[in-house]
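Since the structure comes first, as structure tokens, the remarks are kept for the end.
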Protein chains: 2
Amino acid sequence: MDFESQAAASDTLQQFWTLCRERGLAMTHQRQVIYQALRDMHGHPSPEEVYQRVRRQIPSISLGTVYKNIKTFEEAGFVREVSLHHGSSRLDVNMTPHHHLVCSRCKAMIDLPHQHIEPVRLTAPLPQGFRLERVFVEVIGLCPGCAVQTFLYPTPKGDISC
Amino acid sequence: MDFESQAAASDTLQQFWTLCRERGLAMTHQRQVIYQALRDMHGHPSPEEVYQRVRRQIPSISLGTVYKNIKTFEEAGFVREVSLHHGSSRLDVNMTPHHHLVCSRCKAMIDLPHQHIEPVRLTAPLPQGFRLERVFVEVIGLCPGCAVQTFLYPTPKGDISC
DNA sequence: ATATCTGCAAAAGTTTTGCTAAAGT
DNA sequence: ACTTTAGCAAAACTTTTGCAGATAT
């Protein structure tokens with residue numbers, strides 16, 4: 001590892017230490033390596049992929065530990081699940097263009113008529129060779145029911161943006 | 001069942017028969033009931049929910065049959081999976097606003113800088129009581145790699161729209 | 001010293017697969 | 001008659017859980 005990478009790594013370590021302290025999390029070696037793996041892996045890795053990568057550094061680590069830490073990181077707001085619906089498949093018989101309203105808490109999805117959103121416009125070209133099929137918008141938030149419950153029992157709120 | 005519902009049901013049956021014929025699918029009783037359940041269940045049911053509903057009409061049906069038919073329907077283009085990533089969780093360390101490019105074939109996800117898409121605008125109010133958190137755009141299509149393969153081995157293509 | 005975390009193994013949940021009998025064409 | 005499908009059971013895969021020993025605060 002060259003000097004710059006070393007410096008960068010130690011910066012990130014420092015940052016991570018601060019993050020953990022803020023959330024009252026113990027900073028274990030495993031936890032640190034898992035976090036670093038998540039940062040280094042571009043794209044959107046699955047827990048299994050993270051596990052495979054972390055194992056290169058800590059061969060004795062268990063998959064369970066990876067899962068537990070990912071969950072901890074999600075709760076702490078260090079990472080986010082890209083797909084809100086990974087637990088089981090969700091089907092849609094409505095084959096006409098439409099968007100979705102998704103509740104981040106109870107995972108309910110409600111169709112949003114496509115005319116309720118102005119046509120999406122790109123300001124930059126898509127990657128060369130990408131064959132566009134469709135574009136849809138996910139409007140994420142708390143559905144009325146969950147909003148009331150969260151009002152009664154508030155939880156720390158994440159970014160309100162894309 | 002009143003006269004109108006009977007007529008509507010028979011219409012749908014007729015349509016479904018046509019759909020099956022077009023795709024060379026046998027029209028079994030189970031298949032027809034599963035399809036009708038999907039149409040009747042608004043929202044975006046999971047296979048398990050479809051199974052529970054279909055069982056009311058055909059108590060002896062098996063969960064496997066429901067899964068197989070859902071897959072058949074997807075391949076035939078009768079239904080679509082809402083979440084392209086339900087197989088396993090996908091993580092995102094990038095907590096800054098951004099959108100996604102998703103390959104409908106290999107499920108790869110690429111971050112799309114938020115400034116590459118013009119701000120999304122609603123033309124109608126969200127449901128009363130919905131607490132908005134964030135909005136993101138999913139640009140679905142074939143990534144360059146999959147596009148080439150699909151060009152070599154073409155498959156029937158779905159709607160190119162939202 | 002105390003609270004939190006790891007590794008392990010078992011369990012729970014989801015989806016796929018192989019096979020035979022049954023039903024559709 | 002021939003092809004496709006249903007039901008069943010086993011298996012594969014993903015994720016969660018409980019607990020004892022290890023580690024961090």
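Residue numbers begin at 1 in each chain, while the letters A, B, ... track the order of the sequences. Remember, it's a predicted structure, so these values are computed and weren't measured experimentally.
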Review point. Given the rule in the side-chain contact (heavy atoms from CB on, under 4.5 Å) test, do A/R31 and A/F73 qualify, once you have shown the distances and angles that lead to the verdict?
Key: CA-CA 9 Å; A/R31 183 163 283 168; A/F73 291 164; 3.6 Å; yes
Revision key, fill the gap. Whether each nucleotide of nucleotides 18-25 of chain C has a protein heavy atom under 4.0 Å at its base (B), only at its sugar-phosphate (S) or at neither (-) is summarised, 5' to 3', as B-----SS
Point to revise | No-hydrogen, no-angle side-chain donor-acceptor test under 3.5 Å, A/N94 and B/H42 | key: no
Exercise for review: In whole angstrom, give the distance that lies between atom CD of A/E74 and atom P of D/dT15.
Suggested key: 10 Å
Review point. Quick one: does B/E81's side chain get under 4.5 Å of B/E74's, heavy atoms only?
Key: yes
Exercise for review: Look at the side-chain N and O atoms of B/Y67 and state whether any lies under 4.0 Å from the OP1 or OP2 oxygen of C/dT16.
Suggested key: no
**Study point:** Spacing of B/F73 atom CZ relative to D/dT5 atom C1', expressed in whole Å
**Key:** 12 Å
Check your understanding: CD/B/Q30 to CG/B/N69 distance, rounded to the nearest 0.5 angstrom?
Key -> 8.0 Å
Check your understanding: With respect to the phosphate group of D/dT23, does any side-chain polar atom (N or O) of A/Q30 fall under 4.0 Å of OP1 or OP2?
Key -> no
Check your understanding: Reckon A/G87 touches a base, only the sugar-phosphate, or nothing at all at heavy-atom distances under 4.0 Å?
Key -> sugar-phosphate
**Study point:** Rounded to 10 degrees, the angle between the two terminal axes of the helix from C/dA1-D/dT25 to C/dT25-D/dA1, each from five pairs
**Key:** 40°
Got a list of protein N/O to nucleotides 11-13 of chain C N/O distances below 3.5 Å?
none

Exercise for review: Go through residues 42-64 of chain A and report each residue with a non-hydrogen atom lying under 4.0 Å from DNA chain C, sorted by number.
Suggested key: A/S60, A/I61, A/S62
Review point. Who are the side-chain hydrogen bond (donor to acceptor under 3.5 Å, both in side chains) partners of A/T18, not counting sequence neighbours?
Key: none
Review point. Would you say B/I61 and B/R55 make side-chain contact, with heavy atoms under 4.5 Å?
Key: yes
Exercise for review: Would you kindly compare A/N69 and B/K71 by the position of their nearest DNA chain C nucleotide and give the one closer to the 5′ end?
Suggested key: A/N69
Point to revise | Student check: side-chain heavy atoms of B/E138 and B/M109 closer than 4.5 Å | key: yes
Revision key, fill the gap. With sequence neighbours left out, the residues meeting side-chain hydrogen bond (donor to acceptor under 3.5 Å, both in side chains) with A/R105 are A/Q149
Exercise for review: Specify the separation, in whole Å, of atom CD of A/E75 and atom C1' of C/dT4.
Suggested key: 14 Å
Practice item. Tell me yes or no: between the side chains of A/S104 and B/E133, is some donor less than 3.5 Å from an acceptor? Key: yes
Point to revise | Gap separating the CD1 atom of B/I70 from the OH atom of B/Y35, nearest 0.5 angstrom | key: 13.0 Å
Practice item. State, to 0.1 Å, how close B/H100 and A/H44 come at their nearest heavy-atom pair, and which atoms those are. Key: NE2-NE2, 3.3 Å
Review point. Is any side-chain heavy atom of A/L112 less than 4.5 Å from a side-chain heavy atom of A/V137?
Key: no
Practice item. Return yes if a side-chain donor-acceptor contact under 3.5 Å exists between A/E48 and A/Q52, otherwise no. Key: yes
